[in-house]
Amino acid sequence: PRCESDGGRVTDGSVWLDEHIVVACPPREALECLNGPVAIAGWFGCKRAGSQTTIASAGGDLVVELAHEEWLPDDGALLVIGTTGDVWLRAHLTVRAVMQPGAHPYLHPGTEIWTHVELGPARRASRLTALLQDVLRDGLEHLRLELDTC
């Protein structure tokens, strides 16, 4: 499997979610798909409108009010800080070059797309954990299907 997860963990009163994939294309090609906050939101099934990002789910829409967003295209990184109801959220996506093993003894270039989300306080964030983990996994799987054919 190319998508890995730690299943989330609670640390210092917050919940951390980490998901990532490695795809067989160079970072510049991955960044053509991930070319800004709106495009990135789209890959994860989210809709952007002004300072709000809406995440659709079977249990109802989750709206994140953005307090800060920083897009660093040359570094392949997006940082988002916001709130949803009484829960704060800090998340980032990074794109970086990696090497993948191929037929021995060869290595092949690839790209790791890594997502990290922190939610707090943990006691109020637990209801969002499964929803956000599903959103991350689905978005990364869409990217894998698009990019792993390079």
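Quick caveat: nothing in here was measured; it's all calculated off a predicted structure. Just so you know, these numbers use all the heavy atoms, side chains as well, and skip hydrogens, waters and symmetry mates.
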> What about Leu93 and Trp88, same hydrophobic cluster or not, with Ile/Leu/Val/Met/Phe/Trp/Tyr joined at side-chain heavy-atom distances under 4.5 Å?
Replying inline: no

> If you take all heavy atoms of Val63 and Thr84, which pair is closest and at what distance?
Replying inline: O-OG1, 2.9 Å

> Does Val117 belong to the same Ile/Leu/Val/Met/Phe/Trp/Tyr cluster as Leu131, with side-chain heavy atoms less than 4.5 Å apart forming each link?
Replying inline: yes

> How close do Cys25 and Ala30 get, heavy atom to heavy atom, and via which atoms?
Replying inline: SG-N, 4.1 Å

>> Phe44 vs Leu140, test: side chain to side chain contact (heavy atoms under 4.5 Å, CB included). Steps then yes/no.
In response: CA-CA 7 Å; Phe44 290 87; Leu140 289 171; 4.1 Å; yes

> Does Asp148 reach the main-chain N or O of Val23 with its side chain, forming a donor-acceptor pair under 3.5 Å?
Replying inline: no

> What closest approach, in Å, do Leu31 and Pro73 show between heavy atoms, and which atom pair accounts for it?
Replying inline: CD1-O, 3.9 Å

> Side chains of Glu65 and Ser51: does their closest heavy-atom pair fall under 4.5 Å?
Replying inline: yes

>> How long is the straight-line distance from CD1 of Ile21 back to CD of Glu141, given to the nearest 0.5 Å?
In response: 7.5 Å

>> Can you give me the closest heavy-atom contact between Gln100 and Gly110, atom names plus distance?
In response: NE2-CA, 4.1 Å

>> Distance check, rounded to the nearest 0.5 Å: Leu89 atom CG versus Ile81 atom CD1?
In response: 9.0 Å

> Atom CZ in Arg137, atom CG in Leu132: separation rounded to 0.5 Å?
Replying inline: 11.5 Å

>> For Trp71 versus Ile40, what's the shortest heavy-atom pair and its separation?
In response: CZ3-CD1, 3.7 Å

>> Within this structure, what is the CD-CG distance for the pair Glu19 and Leu136, rounded to the nearest 0.5 Å?
In response: 6.0 Å

> When rounded to the nearest 0.5 angstrom, what is the spacing between CG in Asp134 and OG1 in Thr129?
Replying inline: 11.0 Å

> Are Ile113 and Trp43 connected in the hydrophobic side-chain network, where two residues link if heavy atoms are under 4.5 Å apart?
Replying inline: yes

> Val95 and Thr111: side chain to side chain contact (heavy atoms under 4.5 Å, CB included), yes or no, with the steps?
Replying inline: CA-CA 7 Å; Val95 175; Thr111 299; 3.4 Å; yes

>> Pair Ile55, Val64 - check side chain to side chain contact (heavy atoms under 4.5 Å, CB included), show working.
In response: CA-CA 8 Å; Ile55 303 167; Val64 176; 4.3 Å; yes

>> Ignoring hydrogens, what is the shortest heavy-atom contact between Glu29 and Leu147? Give both atom names and the distance.
In response: O-CD2, 4.1 Å

> About how many Å separate CZ of Arg127 and CG of Leu62, when rounded to the nearest 0.5 Å?
Replying inline: 7.5 Å

>> Let me check something: do Leu128 and Leu66 share a hydrophobic cluster, defined by ILVMFWY side-chain heavy atoms less than 4.5 Å apart, either directly or through other members?
In response: yes

> Would the number of heavy atoms belonging to other residues, nucleotides or ligands and lying under 6.0 Å from CZ of Arg48 be above 12?
Replying inline: yes

>> Parallel, tilted or perpendicular: which one describes the rings of His116 and His92, with boundaries at 30° and 60°?
In response: tilted

